[in-house]
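Quick notes on the structure that follows.
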Amino acid sequence: MADSATVVLVHGAWHGAWCWEKVMPLLDAAGIASTAVELPLTSWKDDAAATTAAIEQVDGPVVLCGHSYGGSVITGAGDLPNVQRLVYLAAFALEEGESLANAAVDSHAPSTGVENVLVFSDDGTTVDLDHSAAGAFFYHDCEPDDMAAAVARLRPMQFACLGTAVATPAWKSKPSTYVVCTEDRAVHPALQRAMATRCTSSVDFPTAHSPFLNHPDLVTDLLIALARG
């Protein structure tokens, strides 16, 4: 493992470190060390701090992978000396001053309608997903059991996380790879392609929004190749 980078995995909004449960054993079998960050989802700064702490615990180079909202987090937290590459998995590779709410607006990407399944607290400070409808947006190509298990583990988060702007994007100083999920119904592929132009390279996965659930081999093969450099 010493000859390879450690993969640090950052989940998306409403999720948890559990979403990498199929990926990490495959990395381990290939001799690639990995760790999954559990974001507190209490603020963007808290999430960035948790990611920074995980990176700093690694003795050696890091491949930092963020999924969806996790892309915003790694964009802000990924400019540490031992981060050798960023990986955006259907993720938000944000420009300076952008948040999830105003990402790559010049792309004019269509809405996926995912905003229609948001469920806000009475005071509007926290946001969850309608669990009866979320599966169709996030896991539509997954096995029914995987979809049900994932939906059951979704959790509310602070709405402010989604509106926090990035200051200095790490992808401007670090090599980066963008994975476009071409069948995504949560983050429109056109928006992903616009953000992918900001990265060093890009690759297409013929999957929905959550390839770590039904195509962990695709995710793992890419991460192994990048970790081995």
Side-chain angles (χ1 to χ4, degrees), residues 8-23 36-41 44 47-48 50-51 64-78 86-94 98-104 107 109 111-115 117-118 127-129 134-142 146-147 150-151 153-164 166 169-171 176-196 198-199 202-205 207-216 218-219 222-223:
V8 176
L9 300 158
V10 183
H11 64 80
W14 303 290
H15 288 68
W18 56 263
C19 69
W20 306 108
E21 288 175 352
K22 292 188 177 186
V23 170
V37 182
E38 184 73 31
L39 299 179
L41 300 180
W44 184 91
D47 294 340
T51 301
L64 181 61
C65 176
H67 175 246
S68 198
Y69 163 74
S72 169
V73 176
I74 71 169
T75 296
L86 307 170
V87 181
Y88 291 90
L89 182 59
F92 286 84
L94 300 178
E98 286 184 348
S99 69
L100 270 70
N102 67 340
S107 70
S111 168
T112 61
V114 70
E115 65 274 7
V117 300
L118 302 182
V127 60
D128 201 348
L129 296 171
F137 287 92
F138 292 91
Y139 320 112
H140 76 264
D141 62 350
C142 296
D146 284 340
M147 179 190 290
V151 168
R153 289 192 280 188
L154 295 173
R155 57 187 168 122
M157 64 186 291
Q158 287 294 309
F159 181 56
C161 294
L162 306 178
T164 302
V166 169
W171 52 262
S176 55
T177 298
Y178 197 102
V179 179
V180 177
C181 292
T182 62
E183 306 305 312
D184 202 324
R185 295 179 182 173
V187 180
H188 200 284
L191 178 58
Q192 293 183 45
R193 292 199 185 282
M195 293 186 288
R198 300 168 175 176
C199 295
S202 66
V203 61
D204 286 5
F205 283 1
T207 70
H209 188 63
S210 306
F212 46 79
L213 282 184
N214 70 329
H215 291 288
L218 291 179
V219 178
L222 175 64
L223 294 175

If only atom types and distance count, is the side chain of [X] paired as donor or acceptor with the main-chain N or O of [Y] below 3.5 Å?
| X | Y | value |
| --- | --- | --- |
| Asp141 | Ala208 | yes |
| Glu98 | Ala104 | yes |
| Lys22 | Leu213 | yes |
| Gln158 | Leu41 | no |
| Thr112 | Ala186 | yes |
| Ser99 | Ala101 | yes |

Are the side chains of [X] and [Y] in touch, meaning some heavy atoms are under 4.5 Å apart?
| X | Y | result |
| --- | --- | --- |
| Tyr178 | Gln192 | yes |
| Asp47 | Pro40 | yes |
| Cys65 | Val10 | no |
| Met157 | Val127 | yes |
| Val87 | Ile74 | no |
| Leu39 | Thr51 | yes |
| Leu218 | Leu222 | no |
| Phe138 | Leu129 | yes |

Exercise. Please work out which of the three classes, parallel, tilted or perpendicular, describes the rings of His209 and His67, given edges at 30° and 60°.
Key: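 Taking His209 first and then His67, their aromatic rings sit tilted (interplane angle of 30° to 60°).
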Quiz item: So, His188 versus Ser111: side-chain donor-acceptor pair below 3.5 Å or not?
Solution: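 No, Ser111 and His188 have no side-chain donor paired with an acceptor closer than 3.5 Å.
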Self-check item: Test log, rule side chain to side chain contact (heavy atoms under 4.5 Å, CB included), inputs Glu183 and Thr207
Solution: CA-CA 5 Å; Glu183 306 305 312; Thr207 70; 5.8 Å; no
How many angstroms lie between atom [atom1] of [X] and atom [atom2] of [Y], to the nearest 0.5 angstrom?
| X | Y | atom1 | atom2 | answer |
| --- | --- | --- | --- | --- |
| Cys161 | Tyr69 | SG | OH | 4.0 Å |
| Ser176 | Leu64 | OG | CG | 11.5 Å |
| Cys19 | Leu9 | SG | CG | 8.0 Å |
| Trp14 | Leu118 | CH2 | CG | 5.0 Å |

Quiz item: Got a sec: does the CZ of Phe205 have more than 12 other heavy atoms crowding it under 6.0 Å?
Solution: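 More than 12 within 6.0 Å, yes.
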Practice problem: Using the test side chain to side chain donor-acceptor pair (under 3.5 Å), find all partners of Thr75 that sit at least two apart in sequence or belong to another chain. | Solution: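 So Thr75 forms a side chain to side chain donor-acceptor pair (under 3.5 Å) with Tyr88.
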Quiz item: Mind checking what makes side chain to side chain donor-acceptor pair (under 3.5 Å) contact with Trp171, not counting sequence neighbours?
Solution: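 Per chain and number, Trp171 pairs via side chain to side chain donor-acceptor pair (under 3.5 Å) with no residue.
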Practice problem: Would you please test Asn214 and Tyr139 for side chain to side chain donor-acceptor pair (under 3.5 Å) and show each step? | Solution: CA-CA 9 Å; Asn214 70 329; Tyr139 320 112; over 6 Å; no
Practice problem: Look at Asp204 together with Arg193 and state whether they make a salt bridge at an N to O cut-off of under 4.0 Å. | Solution: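 Counted as a salt bridge, because a side-chain N and a carboxylate O are separated by less than 4.0 Å.
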Quiz prompt | Counterpart residues, ring-ring contact (aromatic ring centres under 6.0 Å, His included), relative to Phe92 (two or more places apart) | solution =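 Partners of Phe92 by the ring-ring contact (aromatic ring centres under 6.0 Å, His included) criterion come out as none, since no residue qualifies.
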